[in-house]
Amino acid sequence: MRFPVRNRVRQLAVGAISAHLLWEAATLRRARQTARTALAVPPPVPAVGGTATPPVLHVLVPGLGEQPYVARTVAAFAAVRDAYPHAHIWFVTTAREQAPSAGGETTRAALERQLLGMDARRMEVVEDPRPKGNKASQLNWAVEYIDQKFGGGQSWIGVFDFDSQPSADTAAWVAATARASGAEAIQVVPIGITTLAGPPETAASRAVVYAEALHQAVRSLGVERWKLDQAAGGRRMPQYLVGAGMFVRRDALRSVGGFPFVDDVPLGYRLFLQGARFATVPVLNRVDLPDTVSAHLGSLKFIARGITSWPSALAATRATPGVRQLDRLRLVALGVADTAEITVYPWLAAGLTPSLLRGPWPGRLLAVAWWGFPLAQTAVMRRVLAGELDERGWSVPAGAVAVASVGRRFWRTAGAWRLAGDTLRSRLRGQTVTFAKSTRTTATTGAPR
């Protein structure tokens, strides 16, 4: 009985790898199709007619150790404010941040200094005074502050990472979409194609970051943007949100208890389970990439925390009336597939490759396709993003990008395994694991996020 069981397990493993490879191919095809509109110049924002009250948008930009980004970020969001008269920009800092040594200033001080020299209408710096917390608690504090100042009416809460570079007409598009779609959640899809200080110095880091830009764009365009486009057409699909450009109607945010510990992905899960409608806008949010290998690995751990949060979203809505069992099953399917992608699939394929290469031609073809497909993704996305990424400025040899693209199958799992190790250590030692802000070398503080 031993060998039949082992053969059955092997067949299931080969089937899972084959299915995931087909999903990757479909995603790449969708990314190419979606890029034609997503990367094109958007049409003019439609005129808002009627006598209904225009949506009020409160855009939160949480900051911790963001001094190098202050001037660029303030300029970007001032343009967003100017393009829509009912947008309010809130730069949300925290008392957890300590001033750098040698007489440096905090993010709050840098923001206040920047706003002093410009038209700061509908732009304000507010600080969470509590000495403990994280990004989610920082956002929840800001929402309560806004409620006290403006009331908790039919407004929208938007969240952007501090390194975001949204299009100037982003708020105008969100307002128009909110009125036309009736959605409770609107995602401005982020795409990582820049770094503040330019390409990394070392060739290895440039290859890794450049390859990551190409492959992240596949998911941004072929999964996130595509699913939101499908939702706009009435198709019911499990959704999540990304913190670099998400908008949630205030009453919908209140209905799920505010921002959860991981502030974006599980928030989207909970909204989906409660029947919220999702929409997107025809503009993208340009964000910075982690600019070193170590910073990238730190970023992967944050991503893994969001992806693996689906069990907590299911548990949080267990007693919520109106949650459909079919939607719970849809979320389980999405969560299991995404979790397997960042934990076991590459290692499973690596273990199967020797036997596949020794077997019949379908197995050999599967092994070659599995390890060769990242090269096809790289080649396709280089052409798709030719107008966004200056390949000559990065000066990355094609061979180095090819190695980084294939290696990405493995390094994507590093975030999940580091997260698992931290969780295990915290339980064995009774310690609370803090997640330092380490996504960019330009950050000037290591305060827990």
Side-chain angles (χ1 to χ4, degrees), residues 58-70 73 90-101 104-112 124-149 152 157-163 241 243-244 246 248 250 253-254 256-267 269-270 295 298-306 308-309 311-313 315-316 415 418-440 442-449:
H58 295 287
V59 181
L60 310 183
V61 188
L64 174 64
E66 312 285 1
Q67 292 88 333
Y69 285 84
V70 165
T73 299
W90 303 87
F91 298 103
V92 187
T93 61
T94 171
R96 292 178 289 129
E97 180 181 345
Q98 299 177 351
S101 57
E105 58 185 359
T106 62
T107 301
R108 176 183 178 178
L111 283 165
E112 290 174 339
E124 189 171 341
V125 181
V126 294
E127 181 161 290
D128 179 359
R130 297 169 297 182
K132 294 183 179 180
N134 55 32
K135 181 180 177 182
S137 62
Q138 196 173 333
L139 292 171
N140 284 323
W141 175 87
V143 171
E144 294 301 323
Y145 176 89
I146 293 168
D147 281 351
Q148 292 174 12
K149 190 168 182 177
I157 302 296
V159 179
F160 285 83
D161 287 345
F162 209 93
D163 59 357
L241 292 172
M246 62 181 179
V248 181
R250 179 66 186 99
L253 182 62
R254 187 182 295 110
V256 295
F259 294 98
F261 186 78
V262 181
D263 58 280
D264 50 6
V265 175
L267 173 61
Y269 289 161
R270 294 183 188 186
S299 175
L300 287 176
K301 186 160 66 171
F302 284 98
I303 294 172
R305 291 183 74 207
T308 57
S309 66
S312 66
R418 289 180 69 187
L419 178 63
D422 286 345
T423 303
L424 180 62
R425 284 195 300 272
S426 69
R427 291 183 177 179
L428 291 176
R429 301 175 185 176
Q431 298 174 337
T432 300
V433 177
T434 59
F435 294 85
K437 179 175 182 150
S438 59
T439 56
R440 301 180 296 270
T442 49
T444 56
T445 180
R449 192 179 179 95

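Numbers here are sequence positions counted from 1.
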Cationic N near anionic O, under 4.0 Å, Glu144 to Arg254
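So Glu144 does not pair with Arg254 through a salt bridge.
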Are Lys135 and Asp264 within salt-bridge range, i.e. N to O under 4.0 Å?
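Between Asp264 and Lys135 there is no salt bridge, as every charged N stays at least 4.0 Å from the carboxylate O atoms.
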Does the side chain of Glu97 pick up a donor-acceptor pair with the side chain of Thr107 at under 3.5 Å?
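The answer is yes; a qualifying pair exists.
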Starting at CG of Leu419, measure out to CG of Leu300 and round the result to the nearest 0.5 Å.
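Answer rounded to 0.5 Å: 11.5 Å.
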For Thr94, side-chain hydrogen bond (donor to acceptor under 3.5 Å, both in side chains) partners two or more places apart
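For Thr94 the side-chain hydrogen bond (donor to acceptor under 3.5 Å, both in side chains) partners, ignoring immediate neighbours, are Arg96.
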Looking at residues at least two apart in the chain, or sitting in another chain, which of them share a side-chain contact (heavy atoms from CB on, under 4.5 Å) with [X]?
X: Glu124; value: Trp90, Val126, Tyr145, Lys149
X: Ala109; value: Glu105, Thr106
X: Asn140; value: Phe259
X: Ala142; value: Leu60, Val92

Can you tell if the side chain of [X] reaches within under 4.5 Å of the side chain of [Y], non-hydrogen atoms only?
X: Tyr269; Y: Ser312; result: no
X: Arg250; Y: Asp147; result: yes
X: Phe162; Y: Val70; result: yes

Does the Gln138 side chain pair with the main chain of Pro62, one donor and one acceptor, at a distance under 3.5 Å?
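No, the answer is negative, given that no donor and acceptor are paired below the 3.5 Å cut-off.
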Could you pull out all residues at least two apart from Arg130 that satisfy salt bridge (charged side-chain N to carboxylate O under 4.0 Å, His left out)?
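Asp128.
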